[in-house]
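In the text below, chain A, chain B and the rest are named by the order of the sequence lines, each starting its count at 1.
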Amino acid sequence: MNEVITPIARGAPSSIFFRNRYSTNANVVSLFSKYVDRTNVWSWNSVIGELARGGDSVEALQAFASMRKASLKPNRSTFPCAIKSCSALLDLFSGKQAHQQALKFGYEPDLFVSSALIDMYCKCGDLGDARKVFDVIPQKNVVSWTSMIAGYVQNDEGREALSLFKKFLVEESECARDAEVFVDSVAMTSVLSACSHASNEVTTKGVHGFVVKRGFYGVVGVGNALMDAYAKCGKLAASRKVFDEMTERDDFSWNSMIAVYAQNGDAAEALQLFANMIKDGDSDYNAVTLSAALLACACSGALRAGKCIHDQVMKMDLEDNVIVGTSIIDMYYKCGRVEMAWRAFDRMRDKNVRTWTAMIAGYGMHGRAREALEVFYEMIRTGVRPNYVTFVSVLAACSHAGLVDEAWRWFSSMFHEYNIEPGIEHYGCIVDLLGRAGYVSKAYELINGMKVKPDFVVWGSLLGACRTHNNVELAELAARKLFELDPDNCGYYVLLCNIYADAERWEDVERMRTIMNGRGLVKTPGYSLVELKGRVHMFSVGDKGHPQHERIYEYLEKIYVKLKQAGYLPNITSVVHDVEHEEKEITLQVHSEKLAVAFGIMNSAPGTVIHIIKNLRVCTDCHTVIKLISKIFNREIVVRDAKRFHHFRNGLCSCGDYW
DNA sequence: CTAGGGTTAG
């Protein structure tokens with residue numbers, strides 16, 4: 001079986017018709033012994049259909065090849081099964097051959113054949129040929145319309161899908177007496193999926209109304225798609241309402257809802273729902289559920305829960321499922337365990353581009369760019385084609401480690417060697433890298449030459465670089481862009497304030513503060529998470545909500561005494577609030593990551609590594625403090641901030657103070 | 001006796 005599949009994965013140009021790619025094997029022959037008449041087309045159809053429906057696409061095509069070898073003429077029900085198998089294998093070449101054969105036998109106007117063809121072309125990414133087939137169908141039915149609409153959605157053409165749906169509605173009203181041309185619940189799920197891709201609240205609400213009016217609201221599949229559409233445009237409450245109102249939930253609905261919370265960073269709710277699902281007992285969790293739950297563990301750093309799910313994955317024999325496997329890698333490295341991620345990666349038999357990319361991203365976030373690049377080179381050697389996101393991970397890895405030349409090399413060759421046009425994320429990495437390496441003007445030139453519109457990440461990187469390299473002029477320019485792009489984010493105002501303060505331009509500092517106060521901008525509250533005995537504890541700045549908070553503050557005081565003995569001076573520029581010097585120092589002292597570190601040290605045995613997750617970037621003062629703590633208390637401390645990992649050990653950080 | 005949809009990973 002593997003021998004047959006390998007050339008398909010490599011995209012070798014052969015076909016079911018010419019080079020016997022799916023040549024008859026013993027398996028198919030033995031299947032045939034069950035059938036009385038091998039000269040009967042219907043017998044062949046049963047076999048091909050059964051194999052295709054059972055997911056044995058390769059065998060189905062082998063049977064189809066055998067049938068053609070026996071010089072039997074396929075009929076109109078043979079083709080849809082064969083084409084469906086090409087679609088499942090993403091085998092455009094064989095699909096086109098099947099199309100030619102169908103034309104030769106005069107089956108193209110057939111509704112079943114053309115729907116299968118539309119689906120096959122769309123799944124293979126060939127929208128143009130799909131649309132040609134669609135356009136020549138004289139009397140389209142609901143399946144033809146749905147196949148084409150769904151095809152657009154699958155190829156990220158949500159708007160095209162929605163406009164086609166409008167045409168469908170016109171046709172529906174014009175053919176009012178034709179029972180074949182009527183919107184049904186399957187069509188509506190595709191339309192809702194288009195809404196989900198478009199992430200448009202207004203459209204989603206409109207389609208929701210339509211669904212209710214046509215009486216499809218109670219259909220499970222429609223409900224799932226609606227939940228997803230609301231979630232994608234950020235309407236979690238509306239999404240949950242649909243879930244709660246469903247009278248019938250299969251596994252699908254639970255999975256969708258868990259995934260929605262996990263994707264939106266609400267790990268607690270996602271894991272709570274997962275627990276409810278298990279308790280409920282009516283629904284079985286599967287690979288999809290476990291992947292979503294693993295994502296929740298990854299973003300909240302819930303290692304214990306993640307390991308538990310990993311155990312379950314092994315018990316259910318799902319280790320070879322490539323999506324689940326990739327989720328496990330993602331969970332481990334995001335919980336700070338890059339070695340465990342590597343072990344899981346190493347064990348996986350089937351790795352796809354996303355698996356490799358996850359591992360590259362994992363090493364990259366941990367500042368281990370060399371290993372990330374090794375994985376990248378190995379991926380290329382193995383014959384797996386890197387994609388857009390792979391290059392984002394590669395460039396990000398270089399950017400975390402300051403590898404300017406390496407990054408520039410891949411940035412320049414990704415288009416020429418792999419035909420991947422650099423996008424906004426790639427520019428973001430390069431601007432960041434150039435800027436921090438001191439090439440601020442060069443970074444600015446690059447931004448001006450971009451084909452895509454620079455976003456807040458790009459301008460934000462430039463602004464950050466301007467602070468490091470004291471470039472007030474460019475900083476003002478970048479900040480102006482940022483105030484336009486993201487007016488409610490006070491981080492940029494704070495950064496510009498700092499830049500003015502560094503340049504001792506106090507009047508400008510004052511002016512910025514007035515603007516900030518006038519606009520009522522509030523700093524995004526920072527928080528840190530730390531897992532202890534399987535429970536994740538959360539701390540915010542100056543938090544007094546934790547049951548142990550009194551002891552934590554006492555302990556923190558003791559830590560500060562030791563730090564000051566070691567010569568530590570607080571770096572108050574991290575605090576821009578309009579407060580007195582002493583107050584600034586106090587605010588700094590109670591940053592959430594410091595509370596989390598104190599809590600971690602207090603509650604764990606000497607020698608235990610402490611893992612912390614922070615939602616924002618770690619500030620300079622906290623970075624200095626944690627380095628010192630790692631030395632004074634002889635503890636390894638791992639901090640995941642909004643952008644990368646910091647491994648503190650013996651007074652040093654893995655980022656080399658470059659972050 | 002054949003065709004279309006909704007959930008998961010980077």
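If you check every strand for non-hydrogen atoms under 4.0 Å, A:D251 touches nothing. Nucleic acid contact class of A:K351 (heavy atoms, under 4.0 Å, all strands): none. Within 4.0 Å of A:R249, counting heavy atoms only, lies no atom of the nucleic acid at all. Using a 4.0 Å heavy-atom criterion, one finds that A:T189 contacts the bases of the nucleic acid, with or without backbone contacts as well. At a threshold of 4.0 angstrom between heavy atoms, the contacts of A:S115 include nucleobase atoms, whether or not backbone atoms are also involved. If you check every strand for non-hydrogen atoms under 4.0 Å, A:L290 touches nothing. Within the nucleic acid shown, A:F134 has no heavy atom closer than 4.0 Å to any nucleic acid atom. Using a 4.0 Å heavy-atom criterion, one finds that A:N352 contacts the bases of the nucleic acid, with or without backbone contacts as well. As judged by a 4.0 angstrom heavy-atom cut-off over every strand, A:N321 is placed among residues making no nucleic acid contact. Counting any heavy atom pair closer than 4.0 Å across all strands shown, A:V191 reaches no nucleic acid atom. Counting any heavy atom pair closer than 4.0 Å across all strands shown, A:E425 reaches no nucleic acid atom. Across all strands shown, A:A287 has heavy atoms under 4.0 Å from base atoms, whether or not it also approaches the sugar-phosphate. Here A:K140 lies out of heavy-atom contact (under 4.0 Å) with every strand. Across all strands shown, A:S393 has no heavy atoms under 4.0 Å from either base or sugar-phosphate atoms.
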A:D330 vs A:S327, test: side chain to side chain donor-acceptor pair (under 3.5 Å). Steps then yes/no. CA-CA 5 Å; A:D330 182 60; A:S327 306; over 6 Å; no
When you look at A:R640 and A:Y333, which way does the side chain to side chain donor-acceptor pair (under 3.5 Å) test go after all the steps? CA-CA 10 Å; A:R640 182 180 106 192; A:Y333 90 72; over 6 Å; no
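Between A:K167 and A:E171, none of the side-chain N atoms (NZ, or NE/NH1/NH2) sits under 4.0 Å from a carboxylate O, so this pair counts as no salt bridge. A salt bridge links A:K232 to A:D228: one of the charged nitrogens lies within less than 4.0 Å of a carboxylate oxygen. Under a 4.0 Å N-O distance rule, the pair A:E374/A:R368 does not qualify as a salt bridge.
The distance between the ring centers of A:F274 and A:W254 does not fall below 6.0 angstrom.
A 4.0 Å heavy-atom criterion places the boundary nucleotides of DNA chain B facing chain A at B:dT2 to B:dG10, written 5' to 3'.
The aromatic rings of A:F345 and A:W342 lie tilted to each other, with the angle between the two planes from 30° to 60°.
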